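Please read these numbers as outputs of a predicted model, since none were measured by experiment. A, B, ... follow the sequence lines: proteins, then strands. Residue 1 opens every chain.
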Amino acid sequence: MKSYLKELNEVQRKAVLHTEGPVLVIAGPGSGKTRVLTYRIAHLIEEGAAPWEILSLTFTNKAAREMKERISKVVGNKANQVWAGTFHSIFARILRVEADKIGYPTNFTIYDTEDSKNVLKTIIKNMNLDKNVYVANAIKNRISSAKSNLITPKAYREDSELMQQDKASKRPHLHLIYEQYVKRCRTAGAMDFDDLLFQLFRLLYQNPDNVLQKYQDRFKYILVDEFQDTNFLQYSIIRKLVDYRNEKGEPDQTRSKNICVVGDDAQSIYAFRGATIENILDFEKEFKKYNIGIYKLEQNYRSTDHIVQAANEVITHNSKQIPKEIWSDKGEGERIRVIKSVTDGEEGKRVADTIVEQKNRYHLKNSEIAILYRTNSQSRVFEESLRRYNILYKVYGGLSFYQRKEVKDLIAYLRLIVNPRDEEALRRVINYPKRGIGASSIDKISLLAAQNGITMWEAMGQVSLSKRATNAIGDFRNMIGAFTKKTDGANAYELATLVARQSGILALLKADNSVEGMGRMENINSLLDGIKDFVENDEIIDEATLPDKTLSSYLQNIALHTALDNEDDTEDYVTLMSVHSAKGLEFKSVFVVGLEDKLFPSFMSMDSAEQLDEERRLFYVAITRAEQFLTLTFANSRYQFGQMRYNDPSRFLQEISPKHLEIANPISNRNKTQERNATPLNSGIKGNFKRVRPTAPVLRADPATFKPHPSSEIKEGMKVLHLKFGEGKVTTIDGAADSRVATIFFQGIDDPERRIMLKFAKLQIL
DNA sequence: GTTGGTATCTGTGGA
DNA sequence: AGATACCAAC
């Protein structure tokens, strides 16, 4: 037996070995789901499948990254050639090649949530609708869910149930907004997050140039992680990819559908954004006739028994679920501690106290501890109390680096240069920094564009305005035009620096000497550093697509980044995050806080049984993150929305039987607290480092003396110096003349074998 | 067109 | 509480 197969239990092994035909894996928390997925991929490769024939879809970049790392531990470098990524990133990559077949430019812009909302706000304003009734956020969600269910504006209009709902909520014109929205995105050459899926489906469905067959032939094995969180649209795409047909258009029975989906119905927590558990049930039904293999992973390797049993008890209160029995042999363990506080401030303090206590008694590291909450705004009290003890922590969620205003502003220039049709980018920068093009001019341009069915960029050249405004617009157009001319020759970093300077952004920020202003300046600089890093990185991380240093591909890259993606694991910090973002993670000690009715479960979800079930699954996810210590807390009162609120303890607390619980005594605890205040542990840097992008990588060669040779001179067997990786030896070179790839062994680094694209390589021959 | 101050609203989750 | 929209004054 192959050595990696020995690391699996019987069910896991069966799931890995069942390579041909559809497979459904139901995986309880901590049951080794990722292990099955990664070993399955490794096994496929060991058995002779080419890595690029394997498509592995996940929900987060982090999960994708981890998966690649773990595959490469088994099969080495080939792991990079697997198509592993998020739905959004993989589909964006395909669309970058194929978009012109469905009427989009291949350098299409990706609109983020803010962009989408701004488009909607503009539409609502233009239609003279009441923005308090037509709330942009609500409309966005509704459009998003329409797209997720493959409902076009036309289909929406013809769907009497949807129209009835809109009428009932006093928003009868919603379908018109939807229609406008789609039209505007299209004119702007832009796709929102849902479009990355929706347009890909359209592509496969309309099938121009047999593009469907192309991808069906490429992806011989498909794997989907967190299948319970897929929506109808994602499922439809997956289904399409294995819907093989012969020349007559009949189902092709000779080719087996090698699709493996892994999920847990009990951990479905994204129904609110269109995910549906039905997909698991449908999958089972639909693929039954193709000899489906169903495997249930029920042994939990993560948590002790009190925690596992409590989780089991909680989930039985839900109505629908796939029957399974999660068990653990890790021993009884500690009981779950419940802490009651009078105020949210006290809750913060007592959680920090308990953390100090646990660190003392069990020698836990900060990184083994997490505080999980229902809403991001709850982080504040814990930040304060942890800071008081000098315990290092990190808050996840919130704004990502690329969503900060100043960063988005500079990026908007770059977007506009790449795609002048990008209306949201244009609106962002047309008068930033101030150049005398005010709201009324912009409205006139926008109106002209709408009337003539042209883009705002085009309308800018035709509109008639006052002399002053006309001049200002002329200057602006010339500036952007001059930048655009440079896109071919100049590299992205040089261009971005030029833009920052010539647009006046740098001067504006430099003039601001406030603390925030300096922070903004710093962010701009790290953005530029990041672009530089992107340009200079010559390593092949993803073999399916060779590195591409254009501005356009840079923008594509960052559009799908999220707040969770900034890895910085050199420091030892306590994790603060929402329960949603904690999915898939585990910690020795977990605090689930704010367990109050109207907060967790959220007040938004308290009036329907289905939504309440989802909150319960969320609670289930929360408690199953803990390996050894689980602490549940609630407060009688807390500040919410600027006023004091009084909530009852969460109903979920009563769903755990008392034999698993230990109720902390508030009085005696308070005395101990006083003592500990005097001797804070782990004094060090203050916890509150607001996410700043990790700075330039550690250099292993001295830039002052480093002199790269032309890459044409690099030959096999040479000893070379690389700025980032240091000294190495070229083992092999492959690829055609203009895309030669060197495999180099760098002795000084952890993962020493690297693939370097010689076209971009900076290597000094030693 | 720009600025600054006031009124109003909104309030979950995230790729 | 904080963000945003709106309006009057410059």
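- Looking at heavy-atom distances under 4.0 Å, A/N376 makes contact with sugar-phosphate atoms alone, never a base.
- Taking the nucleotide of DNA chain B with the nearest heavy atom to each of A/Q611 and A/G436, the more 5' of the two is matched to A/G436.
- With no hydrogens or angles considered, a side-chain donor-acceptor pair links A/R96 and A/S552 at under 3.5 Å.
- In this model, the phosphate group of B/dT10 is approached by a side-chain N or O of A/N132 to a distance below 4.0 Å at OP1 or OP2.
- Closest approach to the A/F272 side chain among B/dA15, C/dC6, B/dG13 is made by B/dG13 (side chain taken as heavy atoms from C-beta onward).
- Backbone-only engagement by A/Y270 is indicated by non-hydrogen atom pairs under 4.0 Å involving sugar-phosphate atoms exclusively.
- Considering only the side chain of A/T375, B/dG13 comes nearest among B/dA15, B/dT2, B/dG13.
- Not one N or O on the side chain of A/R202 forms a donor-acceptor pair closer than 3.5 Å with the backbone of A/F198.
- Checking B/dT2, B/dT12, B/dG1 against every side-chain atom of A/A469, the shortest atom distance belongs to B/dG1.
- Between the P atom of B/dA15 and the NE2 atom of A/H580 lies a distance of 11 Å, rounded to the nearest Å.
- When rounded to the nearest whole Å, the span between CG of A/D130 and P of B/dT10 equals 10 Å.
- If you look at A/H580 and A/Y270, their ring centroids are closer than 6.0 Å.
- Looking at A/E615 and A/R374, their side chains come closer than 4.5 Å, going by heavy atoms from C-beta outward.
- The residue among A/S441 and A/S578 whose nearest nucleotide of DNA chain B is located toward the 5' end is A/S441.
- The separation between A/K131 atom NZ and C/dA3 atom P is 18 Å, rounded to whole Å.
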